[in-house]
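These values consider heavy atoms only, across backbone and side chains, with no hydrogens, waters or symmetry-generated copies. Below, chain A is the first sequence line, B the second, and so on; all start at residue 1.
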Number of protein chains: 2
Amino acid sequence: MDKPDQYVLERQVGFVMRRAVQRHIAIFSALIPEMTPTQFAALAKLCELGQASQNELGRLTAMDVATIKGVVDRLRARSLISSAPLESDKRRLMLTPTRQGRALYRKYAPQAAEVTRQTLAPLDDGERRQLLQLLERLT
Amino acid sequence: MDKPDQYVLERQVGFVMRRAVQRHIAIFSALIPEMTPTQFAALAKLCELGQASQNELGRLTAMDVATIKGVVDRLRARSLISSAPLESDKRRLMLTPTRQGRALYRKYAPQAAEVTRQTLAPLDDGERRQLLQLLERLT
DNA sequence: CATATTTTGTTTGTGTACAAATAGACTGTG
DNA sequence: CACAGTCTATTTGTACACAAACAAAATATG
């Protein structure tokens, strides 16, 4: 037998989560074709903070140094954020959303909330809360 | 105000799932450093089936054509699977696990189940079942 | 004060993930 | 049979995601 029955792909959390994430991303890009979930997360967090260093923004959005750099580069290329080295600590690259970045965030924030709603649409209210709560406890 | 309070990053399913997946992948690569979750999923499914076309394997493991191609290429480069065009349908590339592929699958299947256990460790039995069930309903 | 350590950012390399375009092989229908 | 539509696989391009190695700046500690 080649299939040790202790392992069934479809019952592994990793597989199930991967599929759920795939569906979520599909919903996201249908509702917000202008940017990726990752880019929106970074822009949203930066708008919420007003200002942050690249590293700080990465930590708060759960992106490692290489990932946040790429995301920031792309957002900056589209003039949604601006960056400047900090005078008082020359290691740090301070980021600020531009006027257009803030406008785009304001425009899509309701859509982004709607993405969550549509992703969770198969569940009722209690189940939604439960799912989020259980997922949070995994981290 | 720059923060429309209908949108809070930390409460979006996408963000919470992303973090859970990150932790899961970290656990996986600690327990199974020899391959990625994706590669293991493809190998496992192929061992379960005995044989499958690349396309078929992609569908069953939720990978699109480009993704499954890359994964298959890497597994083949490590001699874990072999491939040959099908005589009766020259479009299809039939895949078979090699002896070593099967051996590696058998070796790591218990570890892979353990990855799921460790990922779900913060939850009790009922919560685990519930989480998996809720996630499945999202797809 | 001097240097070991930490922090921040960059670069490189590998591996998913998906869209879109292409090509060849099959199938169905007229 | 012809050929329109479908299926399988490949290729190209963009975007995360992480590890590892590096450099420069700041901090800590002796």
Side-chain angles (χ1 to χ4, degrees), chain A residues 14-15 17-30 32-43 52-78 80-81 83-95, chain B residues 14-15 17-30 32-43 52-78 80-81 83-95:
Chain A
F15 186 73
M17 284 197 296
R18 202 167 127 267
R19 308 228 309 140
V21 168
Q22 285 174 347
R23 175 160 164 280
H24 171 262
I25 292 177
I27 292 170
F28 190 102
S29 66
I32 308 182
E34 276 207 63
M35 44 172 45
T36 66
T38 320
Q39 287 168 15
F40 187 80
L43 179 60
S53 77
Q54 183 172 293
N55 203 275
E56 208 178 327
L57 186 59
R59 271 195 310 272
L60 293 168
T61 52
M63 303 180 205
D64 80 350
V65 288
T67 302
I68 190 65
K69 185 193 191 313
V71 172
V72 160
D73 284 351
R74 283 180 285 276
L75 289 173
R76 195 173 32 207
R78 295 175 54 188
L80 299 177
I81 69 180
S83 67
L86 186 59
E87 239 347 89
S88 62
D89 182 348
K90 286 170 189 162
R91 293 170 307 177
R92 304 172 82 186
L93 189 61
M94 290 309 284
L95 309 177
Chain B
F15 186 73
M17 286 197 295
R18 204 168 126 265
R19 307 229 309 141
V21 168
Q22 285 175 348
R23 176 159 163 280
H24 171 263
I25 292 177
I27 292 171
F28 190 102
S29 67
I32 308 182
E34 275 207 63
M35 43 174 42
T36 66
T38 319
Q39 288 168 13
F40 187 80
L43 178 61
S53 76
Q54 183 172 291
N55 204 273
E56 209 177 326
L57 186 59
R59 272 195 310 272
L60 293 168
T61 52
M63 303 181 205
D64 80 350
V65 288
T67 301
I68 191 65
K69 186 196 191 312
V71 172
V72 161
D73 284 351
R74 282 179 286 276
L75 289 174
R76 197 173 32 209
R78 294 175 56 188
L80 299 177
I81 69 180
S83 67
L86 185 60
E87 240 346 91
S88 63
D89 183 346
K90 288 168 188 162
R91 292 169 306 179
R92 304 173 80 186
L93 188 61
M94 290 307 285
L95 309 177

| said: Measuring only between side-chain heavy atoms, which start at C-beta, is Gln54(A) closer than 4.5 Å to Ser83(A)? | reply: no

| field | Covered region of DNA chain D, 5' end to 3' end, by chain B [heavy atoms, under 4.0 Å] | value | dC7(D) to dC18(D)

| Any Met35(B) side-chain heavy atom under 4.5 Å of Arg74(B) side chain | no

| remark: Here the gap from Ser53(B) atom OG to Leu93(B) atom CG, rounded to the nearest 0.5 Å, amounts to 8.0 Å

| message | Strictly by side-chain hydrogen bond (donor to acceptor under 3.5 Å, both in side chains), give each pair with a member in residues 19-30 of chain B just once, sequence neighbours left out. | response | none

| Does any donor-acceptor pair link the side chain of Arg91(A) with the base of dT7(C) at a separation under 3.5 Å? | yes

| request: Mind checking the CG-OG1 spacing from Leu75(A) to Thr36(A)? Nearest 0.5 Å is all I need. | output: 7.5 Å

| query | Taking atom P of dT6(C) as reference, at what distance in whole Å does atom CG of Asn55(A) sit? | reply | 16 Å

| message | Just verifying a value: how many Å separate Ile25(B) CD1 and Thr38(B) OG1, rounded to the nearest 0.5 Å? | response | 7.0 Å

| request: Give, for atom CD1 of Ile68(A) and atom CG of Leu57(A), the distance between the pair rounded to the nearest 0.5 Å. | output: 4.0 Å

| request: Quick one, give me the B/S/- string for nucleotides 14-21 of chain C, reading 5' to 3', where B means a protein heavy atom under 4.0 Å from the base and S means that only happens at the primed atoms, P, OP1 or OP2. | output: -SBBBB--

| task | Please round to the nearest 0.5 Å and tell me the distance separating atom CD1 of Ile32(A) and atom CD1 of Ile27(A). | result | 11.5 Å

| query | Can you check the Lys69(A) NZ to dT12(C) P distance for me, whole Å? | reply | 11 Å

